[in-house]
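Quantities reported herein were computed from a predicted structural model and do not represent experimental measurements.
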Amino acid sequence: MTLKTTHLDPEELPYSPAFTQGVVAPAGQTLYVGGQLGTDSSGKLLDGIEAQTEQAMRNVLSVLTAAGTGPEHVVKLNIYLVNGHDARAGYEASQSIWGNHRTAITVISTAEHGRPGALIEIDAIALIPE
């Protein structure tokens, strides 16, 4: 079964090619991806916002794949960025990994994360096709 989401971009709100203002998702199985840091498979934290963002996105994609879904079925991303780091730098770095999959996104500025040195954490909500 193919799941089809509907993007909501009301004309009274600004349009963005990077995200949508809302997503209507059909009922079905849902995956909640826990917060992913910019760590490799050994748990080593990568250096810099760009490398950490790319790796955090790879980690999100790994969880999606393990559940049998992909970025095209993500309905919501939350991105937690440590104060003082430019969200645009993270966004540009993530594009090569994430691709052109618009979804609802919230970027939240934080003082720090639970792991010292972590600059970004990303969680997601996705549909799982049957």
Nearest 0.5 angstrom please: [X] [atom1] to [Y] [atom2], how far?
| X | Y | atom1 | atom2 | value |
| --- | --- | --- | --- | --- |
| Lys76 | Thr103 | NZ | OG1 | 8.0 Å |
| Glu92 | Ile49 | CD | CD1 | 12.0 Å |
| Thr39 | Lys44 | OG1 | NZ | 11.0 Å |
| Glu50 | Gln55 | CD | CD | 14.0 Å |
| Leu13 | Gln21 | CG | CD | 4.5 Å |
| Leu46 | Arg58 | CG | CZ | 8.0 Å |

Quiz prompt | Chi angles and distances behind the side chain to side chain contact (heavy atoms under 4.5 Å, CB included) call for Ser94, Glu54 | solution = CA-CA 5 Å; Ser94 72; Glu54 288 175 355; over 6 Å; no
In this structure, would [X] and [Y] fall into the same cluster of hydrophobic residues linked by side-chain contacts under 4.5 Å?
| X | Y | result |
| --- | --- | --- |
| Ile97 | Leu119 | yes |
| Phe19 | Val107 | yes |
| Ile79 | Leu31 | yes |
| Ile105 | Ile125 | no |
| Val63 | Tyr32 | no |

Search all heavy atoms of [X] against all heavy atoms of [Y] and return the closest pair with its distance.
| X | Y | value |
| --- | --- | --- |
| Ala104 | Val23 | N-CG2, 3.8 Å |
| Leu64 | Pro71 | CD1-N, 3.8 Å |
| Trp98 | Met57 | CE3-SD, 3.7 Å |
| Gly34 | Asp123 | C-CB, 3.9 Å |
| Val60 | Ala124 | CG1-CB, 4.2 Å |
| Leu127 | Thr5 | CD1-CG2, 3.6 Å |

Quiz prompt | Check: Thr20 side chain, Leu8 main-chain N or O, donor-acceptor pair, under 3.5 Å | solution = yes
Quiz item: Just one of Thr53, Ile122, Ile120 clears the side-chain contact (heavy atoms from CB on, under 4.5 Å) bar with Leu81, so which one?
Solution: Ile120
Quiz item: For atom CD of Gln29, is the number of surrounding heavy atoms from other residues, nucleotides or ligands below 6.0 Å larger than 12?
Solution: no
Quiz item: Is the number of heavy atoms from other residues, nucleotides or ligands within 6.0 Å of CD (Glu112) greater than 12?
Solution: no
Practice problem: For residues Lys4 and Pro26, determine if any side-chain heavy atom of one lies less than 4.5 Å from a side-chain heavy atom of the other. | Solution: no
Practice problem: With side chain to side chain contact (heavy atoms under 4.5 Å, CB included) as the test, would you mind laying out the steps for Arg115 and Leu37 before giving the verdict? | Solution: CA-CA 9 Å; Arg115 180 163 178 188; Leu37 302 176; 4.0 Å; yes
Practice problem: Show the numbers, then the answer: is there a side chain to side chain contact (heavy atoms under 4.5 Å, CB included) between Arg102 and His7? | Solution: CA-CA 8 Å; Arg102 293 175 71 231; His7 293 177; 3.5 Å; yes
